[in-house]
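Worksheet: one structure, shown below.
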Amino acid sequence: MNGWNFVIVGYSFVFVGLGVYTAYIIRRGRTLSKQLPPERRRFLG
Amino acid sequence: MTDTKLEIGHELSSGGLTTTGTGSKVTKVLGVAALVAIGLQLLFGLYYSGPEVVQGEAVRLFYVHVPSVLTAYLGFGITLVASIIYLRKGSQFWDLVAGSAAEIAVLFCAFTLFTGAVWGKPTWGVYWQWDPRLTSTTVMFVMYLGYLAVRRLDLEPRVRSRRAAVLGIVSFLNVIIVHYSVDWWRGLHQQATFGVDTKLDGLMLFSFFLGLVAFTVVFAWLLIHRFRVSWLEHQLRLARLDEALVERRAEGTIDGTTGAIS
Amino acid sequence: MIRDAVLIAKKDLRIEFSTRVTLAQILPFGILNLLLYGFALSPDLKVVGAERSVLEQVAPGLFWLAVLFAAIMALGRSFAIEAADGKLDALQMAGIDPAGVFLGKTAAVALQIFLLEVVLGLAAWVMFGPPLGSAMLLVTTVLITTAAIAAAGTLYAAVTAGSRVRDTLAPLLVLPVLTPVLLGATLATDAAFFGPTSDGTPWLLLIAVFTLLFVGVGMMAFGSLLEES
Amino acid sequence: MVHSGHIIELSDAVALLGDFPALAGLDLEVAKGEVICVEGPNGAGKSTLLRLCAGLLPLHTGSGVVLGKDLANRDERRELRRQAGLLAHETFLYDELSIIDNITFWAKANRSDLSTIEPVLDRLGLDGRLRTVKARDLSAGQRRRTSLAIMISRRPHIWLLDEPHAALDQAGKDAVDSLIKQAVGFGATVLLASHDRRRARAVATRVVNVSGGRILQTPASEQSESSVEATEPVAVEEPPSLASTPAVSALPGRPITKGFVNSSTTSETTDNSATSSPSPDAATEDGSSPDEQTKEPKRVIGATNEPVEEPTDSDDSVDDLFADLLAAERPPSLLDDGATKTTSISDDDPAKETP
């Protein structure tokens, strides 16, 4: 039984999903931090 | 795993000033580690380890499927702990940690379900089987989607956070009950579970643990960034509030009254 | 606390008595549910060689589904009463024990759900007609399950109270949580009808643990849930 | 926590509605017995101010103490809520229940004496016929009267009235005004937001202007038409002048003073009652938790048909508010409903033998 196609589908879903989510988070962080003055950007001021 | 948690706590609380974005020294190190780990995971999972006797190549899904679900549990566990602390102390920090962890955990939960279904086809011949684990994981997934929805409710921020915290606690306790109930339910029908009949050799086990390490590091890295995004959102809200306060005070003289602000 | 609980429960039941929403709207909705299940699963449907029709076999599950959907409506109603016209504020100003509010609302809803179960149960029995095995097991199942649905439902209804999207969100929250209850109640009822009775006992225990958990958490957490600021 | 004898003490208070700063750094000091008329345009923050003082809103920044309870502390706010009375735009009534059922429910929830509501209902013109009507069938004015009666029966130490004159007819407005005057006479402090400027100023000892979530410069204290002079009007800027107010200065650290002042008493009697008040009674009340206080409505209502000028058996002033409110003569404008006896909630109510 050859399951390579299923393996490929499964792996791509996971890693593409991770990539998309990561990109979303990073971009969101960049946009938000641009809207704030530096003294507000301390994570736990 | 505890070490990672400690590190997260330390990193979250001492994170430095960044110019743009949510990165810092620690996240950079963690990010590189995550990338290396994922690279190794792919290498071992897809290349070095061989096919299994019964399942064939499909066994490779095991190396992402099970680490995903364990990472999801880790995330929901953090949500539970953070929710308890939030209800006790009422500090915004723990509320944001709880929300961030839950969101990432839901993502990993989705990975679990998808890989589970894709794995089911070659092994069982169907995408969906009323397998106890698959079923209870689905219920957990929907439950935490509800949790995330509550975090976006149109309520006063503080009210919303408190309600979400209660939910973060109850949901986790309920996951345990759901787990048992589904187990008993399917136990009556003697269904084959994942991993039964499967003999994992050393290289396979190594690939699996590699996947576990990789996903844990990825989770930690994501959690820090996600938390910081929430933190920035929170700060933005406070900054807007300051502006709103100035505007609000400016209204004070419009009224016909002669007086100046005392 | 008990005093407050009684006060709240009596008030809720009085409101139900004067408006009869559960009786006149929710109950017919439940019966309609049963009818629709009958249409979806033809009464003539029979697995080859099986003694009973499919409908008769799945009747316990269908009954509990109908109860669950009707209960969701009753729960939504229970908090709609409280959320209107600033009454959550007034309850806080009265200094009523939040645990009392939780117990009172749970009790009032439980009583209404019980009423639904009795009527729906009779209807289901008439419609799908399986012979009854153990009446004792059936009654215990119904009682414990009623408490479980009411306690968990009240807790989750409070989470969404006061929001504009509560009508859509509340079922999404409650139904997955009630999964163990639906499973347990269905299988215990199944055991009550088709035996053996001993199959039902572990499920009763599971639902009892569930109920205790939610009553406990509800009593502790209701203060946090009701606070509107 | 600093007690300065003020009932309300807000300093740079910021309170949020969602992300909107409804109160944007508000300063306010109110002494016991004052009747503050809060004026200001729509959206100025009047209602938010009242809700804040009722303990229903948390402070975002700044500090605030009401009735000796720190607004920054959740538990203290919870205690404050029990002692404050709020007449809000919402009427807190269950539409599906009759007026009498609503009243009974809230009286029990508030742990207030049912018999105290009855006379107030009378005075507010809610006669027997209306009481079996469902709340949703009432007019706005009648709903208002009902929730006012419920609020009064809580015997709050502080009355927070949001547009108390709105939707009421002349008789109703008169009744509200006379109730306010009497309440103050017996030790309550009142904050009222009203658009009926003439009327509100008539009962107020001081007018405060709210705009943009802050207090504008306070105009010179308005001399009220009422005979109630529990305290001298105090300007916000000069808290020291409070020291000249005997009722307050006699009891440092205790925002709720004892003894009461009749509507006809002069400042001399105020002095008397104030000095006589730190009795053993005072100690017990202080020591008891709010829970005990609310659970045991041990005060006999209407036991004082005797002249109110005698604060001798120094029962708690505000708790006894009722007895005296009821014993007091009704204003002629309310003769219509005052003359006839109406169906009562509880029959053993001596207070109903009003002169």
Side-chain angles (χ1 to χ4, degrees), chain A, chain B residues 11-24 31 34 38 41-42 45-46 51 54-61 63-65 68 93 103-104 107-108 110-112 114-123 215 218 221-222 224-229 231-233 235-236 238-240:
Chain A
M1 183 163 53
N2 189 324
W4 269 112
N5 40 352
F6 292 105
V7 172
I8 300 301
V9 170
Y11 270 67
S12 11
F13 181 83
V14 170
F15 289 100
V16 170
L18 269 182
V20 169
Y21 183 74
T22 304
Y24 167 73
I25 291 302
I26 296 294
R27 270 193 58 186
R28 188 144 177 70
R30 292 235 167 111
T31 355
L32 280 170
S33 63
K34 274 178 201 150
Q35 295 172 37
L36 280 165
E39 69 271 13
R40 285 252 188 212
R41 269 184 254 146
R42 274 200 76 85
F43 300 108
L44 269 193
Chain B
E11 166 62 14
L12 287 178
S13 54
S14 65
L17 190 71
T18 54
T19 39
T20 44
T22 45
S24 63
I38 286 182
Q41 182 192 8
L42 288 176
L46 296 179
V54 183
Q55 297 184 23
E57 306 292 350
V59 75
R60 300 176 194 283
L61 282 162
Y63 315 138
V64 287
H65 176 77
S68 296
F93 174 86
E103 188 180 298
I104 302 168
L107 182 75
F108 277 96
F111 293 162
T112 311
F114 188 88
T115 50
V118 172
W119 192 16
K121 187 66 180 167
T123 37
F215 275 10
V218 169
W221 183 82
L222 277 175
I224 295 174
H225 280 283
R226 183 64 186 85
F227 168 81
R228 287 178 174 174
V229 168
W231 181 258
L232 288 174
E233 279 167 353
Q235 288 299 320
L236 195 63
L238 292 182
R240 295 225 169 104

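Chain A is the first sequence line, chain B the second, and so forth, proteins listed ahead of strands; every chain is numbered from 1.
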- Message: Minimum heavy-atom separation for I26(A) and W221(B), please, with both atom names.
- Response: CD1-CH2, 4.0 Å
- Query: Shortest non-hydrogen contact from G10(A) to T115(B)?
  - Reply: O-CG2, 4.0 Å
- Message: Quick check: closest heavy atoms across Y11(A) and R60(B), and the distance to 0.1 Å?
- Response: OH-O, 2.7 Å
- Distance (rounded to the nearest 0.5 Å) between I224(B) CD1 and I25(A) CD1: 13.0 Å
- Message: Is L61(B) close to chain A through its backbone or its side chain, or both, or neither, when contacts mean heavy atoms under 4.5 Å?
- Response: both
- Message: Less than 4.5 Å to any heavy atom of chain B: does that hold for the side chain of I8(A), its backbone, both, or neither?
- Response: neither
- Which atom of A239(B) lies closest to which atom of L36(A), heavy atoms considered: CB-CD2, 4.0 Å
- Query: Of all heavy-atom pairs between Q41(B) and F15(A), which one has the smallest distance, and what is that distance?
  - Reply: OE1-CZ, 3.6 Å
- Message: Less than 4.5 Å to any heavy atom of chain A: does that hold for the side chain of L238(B), its backbone, both, or neither?
- Response: both
- Note on the structure: For L222(B) and L18(A) the tightest heavy-atom approach is CD1-CD2, 3.9 Å
- Query: So F114(B) and F13(A), would you call those rings parallel, tilted or perpendicular, with 30° and 60° as cut-offs?
  - Reply: parallel
- Check: L46(B) and W4(A) side chains under 4.5 Å, non-hydrogen atoms: yes
- In this structure, CG of L32(A) is separated from CZ of R228(B) (nearest 0.5 Å) by 14.0 Å
- Most contact-rich option vs chain A, by heavy-atom pairs under 4.5 angstrom, among T112(B), V218(B), V64(B), is V64(B)
- Query: By a 4.5 Å heavy-atom criterion (distance strictly below it), what part of L236(B) contacts chain A: side chain, backbone, both, or neither?
  - Reply: both
- In Å, rounded to the nearest 0.5 Å, how long is the span from CZ of R28(A) to CZ of R226(B)? 7.5 Å
